[in-house]
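Given the structure is predicted, the values throughout are model-derived calculations rather than measurements. Per chain, numbering begins at 1; letters A, B, ... match sequence-line order.
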There are 2 protein chains.
Amino acid sequence: MTAAGKHQVSRTETPRRSGRPGRAGIRDVAAAAGVSITTVSDALNGKGRLPDATRSHVREVAERLGYRPSAAARTLRTGKSGLIGLTVTTYGDEPFTFTEFAYFAEMARAATSAALARGYALVILPATSRHDVWSNVALDGTVVIDPSDQDPVVTELVRQGLPVVSDGRPAGALPVTAWVDNDHRAAVLDLLDHLAAAGARRIGLLTGTTTDTYTRLSTTAYLHWCERVGQDPVYESYPAHDPCAGAVAADRLLARPDRPDAVYGLFDPNGTDLLAAARRYGLRVPEDLLLVCCSESTVYAATEPPITTLSLKPRHIGTAVVQLLIDAIEGVEHDGPVEQVIPTELIVRTSSQRRPPRTTVSAPRSPSRD
Amino acid sequence: MTAAGKHQVSRTETPRRSGRPGRAGIRDVAAAAGVSITTVSDALNGKGRLPDATRSHVREVAERLGYRPSAAARTLRTGKSGLIGLTVTTYGDEPFTFTEFAYFAEMARAATSAALARGYALVILPATSRHDVWSNVALDGTVVIDPSDQDPVVTELVRQGLPVVSDGRPAGALPVTAWVDNDHRAAVLDLLDHLAAAGARRIGLLTGTTTDTYTRLSTTAYLHWCERVGQDPVYESYPAHDPCAGAVAADRLLARPDRPDAVYGLFDPNGTDLLAAARRYGLRVPEDLLLVCCSESTVYAATEPPITTLSLKPRHIGTAVVQLLIDAIEGVEHDGPVEQVIPTELIVRTSSQRRPPRTTVSAPRSPSRD
DNA sequence: CTGAAAGCGCTAACAA
DNA sequence: TTGTTAGCGCTTTCAG
């Protein structure tokens with residue numbers, strides 16, 4: 001059935017040798033099914049219009065032989081790998097910091113699910129990865145978390161023509177394909193209003209020394225708010241990637257002569273740190289000190305007292321980012337903008353309510369009800 | 001310099017067409033540098049013994065052209081992709097549960113770093129991934145977290161001849177290449193002894209209804225210990241993947257008529273849940289109730305009181321697992337066993353010390369000292 | 001509607 | 001030493 005010695009030279013007497021021993025190739029399947037390799041490819045990928053009988057027969061044979069198409073060959077041929085990079089910022093040698101754990105974990109989890117549902121898988125690639133690692137993996141596109149201004153990785157990826165979607169609006173003129181972010185400014189203003197409504201007279205801020213967009217926007221919003229209401233800013237900064245520095249900064253904030261009667265902490269562990277500091281200074285929460293922190297952790301529902309948190313909705317963000325990226329990869333045109341703002345959520349708990357909801361409280365050790 | 005029309009037939013008048021527009025191929029580099037593609041390949045990969053001049057010249061030209069080798073082509077040719085799968089258990093549609101966040105995040109973080117240091121990248125692949133996703137990515141090997149007995153994914157991977165290293169000793173006769181785990185039994189026994197030494201008379205357990213190895217081994221160890229010391233087991237189980245169920249189970253445990261005077265919680269959030277439950281019942285920690293939970297979270301250093309935790313050392317595990325896997329991939333022979341046991345660490349804090357370092361404690365409500 | 005053949009971009013034998 | 005060539009396993013025009 002095959003024209004043997006026409007004008008082929010070397011391929012005479014090895015009719016079916018599979019590449020690696022043990023794994024069946026498409027040729028093996030074709031031979032076993034008595035069809036051509038084209039038919040096998042089409043049958044398995046649902047491409048051509050073959051009779052259903054042929055299709056199912058081929059599928060059956062492939063199954064029986066344990067045939068697995070080679071991802072590398074397909075990628076080489078089609079130019080699509082089905083792989084999406086997930087680029088995380090690094091501090092020192094480690095990808096992402098401890099304070100970002102919950103956020104990152106939630107975000108990555110949602111991103112993984114969303115990607116999977118559309119047939120893609122995620123590759124974790126720290127931004128500072130060795131160059132050879134980046135070029136060793138065929139990516140269809142990349143999600144970048146919080147890219148810095150002029151990020152060399154993003155620039156390079158875009159130059160290669162790969163779609164890049166960022167979590168966090170890109171600083172500077174970074175040419176990303178799309179981005180997803182919260183409205184940090186609005187979130188902070190809202191939250192400060194909430195605290196003021198609960199009776200706060202002097203609101204303090206626990207912020208970071210880092211220059212990432214989140215920290216910068218949030219801090220700026222705080223300063224604007226202070227200016228608007230005529231309050232002197234009261235804040236302490238610390239390197240957010242140092243897990244111990246937070247506790248020290250929290251302590252410093254409450255030790256100030258102009259001690260605030262309410263505090264917002266920008267980072268996840270700030271809640272427990274501030275609570276601990278408050279105990280050290282004999283401050284009751286929420287009676288003497290109102291507390292809010294930005295966190296995705298559920299532990300704050302069970303602390304004493306439960307602490308009000310601002311959620312950035314990392315799951316929404318993870319999902320949105322991946323959808324946008326895959327749309328770009330697959331060439332889906334978007335009518336709307338390629339910028340997406342995800343609303344935040346303020347989860348109000350006892351720590352930010354001067355009048356707690358419970359009615360029956362046996363008089364605590366503080367006799368003063370006002 | 002190149003012999004043009006010797007005995008080539010079809011390749012006469014297209015000297016340099018690159019595959020995709022915009023990206024330079026190895027041929028373009030060869031042409032631009034005036035050498036053959038082999039020389040380019042060797043120069044860039046540090047393979048052959050070329051003069052340093054040629055090598056640097058080629059590198060320079062490649063750089064200038066913005067040449068990036070095609071990962072797909074290299075993978076197809078060499079059979080190595082530089083990609084390692086990180087398989088996580090799934091609950092519902094989501095990869096890993098909330099209670100495993102801190103553990104997973106730490107473990108994945110360490111694994112990512114370790115892989116990167118050896119030139120590999122990690123691909124997140126939930127165990128329940130669609131089959132087509134698995135076969136769409138060329139993996140050199142896989143890390144499996146807590147594989148279940150007869151795990152079909154592992155079985156399939158091993159059948160394909162891929163090395164598989166598991167975090168958690170494999171249940172049943174799962175043919176993994178290597179595994180890394182803690183000695184959960186010893187850890188629990190140690191911890192119970194610690195509580196008993198602190199004065200616990202009746203130790204309770206907060207455990208899971210799931211059948212994974214960790215839960216099973218830990219629970220069994222607890223039962224053994226109870227038998228040994230002649231204590232009636234006091235425990236509550238709940239589905240660990242449900243974040244709310246833990247609080248309810250903690251409450252149930254402390255509401256029992258045979259209320260324990262010490263509790264060990266197997267899962268991360270148990271500490272805060274138990275603390276909250278203790279407050280509801282007016283139990284002081286550690287005076288009326290000793291508390292320990294298994295957690296990687298630092299929040300327990302700042303709770304009131306700080307809670308003693310058992311750390312499973314996920315970073316050690318993540319690193320070890322990846323090292324073992326890459327060794328297997330690269331054919332490094334191990335003299336030692338391919339089973340590695342990572343020691344746990346009990347971080348003792350106030351919650352498990354009946355005599356806290358502070359000297360002034362008003363007499364607890366239980367007058368009976370014997 | 002099916003099959004043969006041409007590569008995708010690279011590496012590793014071999015030939016010069 | 002450097003260059004030529006044959007594929008890795010698959011998809012995909014293009015003939016039949």
With a cut-off of less than 4.0 Å, is there a side-chain N or O of Thr75(A) near OP1 or OP2 of dC10(D)?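 Checking dC10(D) against Thr75(A), no side-chain N or O comes under 4.0 Å of OP1 or OP2.
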Below 4.0 Å: OP1/OP2 of dC1(C) and any side-chain N or O of Thr54(A):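 So the side chain of Thr54(A) is outside the cut-off, no N or O lying under 4.0 Å from OP1 or OP2 of dC1(C).
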List the protein contact pattern of nucleotides 10-16 of chain C with one symbol per nucleotide (5' to 3'): B for base contact, S for sugar-phosphate-only contact, - for none; contact means a heavy-atom distance under 4.0 Å. BBBB---
With distance as the sole test, does Asp181(A) use its side chain to make a donor-acceptor pair with the main-chain N or O of Arg169(A) at under 3.5 Å?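 Side chain of Asp181(A) to backbone of Arg169(A), a donor-acceptor pair under 3.5 Å: yes, one is there.
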Between P of dT12(D) and NZ of Lys80(A), the distance in whole Å: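 Roughly 12 Å, once rounded to whole Å.
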When you compare the side chain of Leu86(B) with that of Phe104(B), does any pair of heavy atoms fall below 4.5 Å?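 Yes, their side chains come closer than 4.5 Å.
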Side-chain contact test, heavy atoms from C-beta onward, threshold under 4.5 Å: evaluate it for Gln160(B) versus Leu139(B) and give yes or no.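 When only atoms from C-beta onward are counted, Leu139(B) and Gln160(B) do not touch, as no gap falls below 4.5 Å.
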Glu60(B), CD atom: more than 12 neighbouring heavy atoms under 6.0 Å: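 No, because the 6.0 Å sphere around CD of Glu60(B) holds 12 heavy atoms or fewer from other groups.
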Tell me yes or no: between the side chains of Ser36(A) and Thr39(A), is some donor less than 3.5 Å from an acceptor?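 The criterion, which ignores hydrogens and geometry beyond distance, is satisfied for Thr39(A) and Ser36(A).
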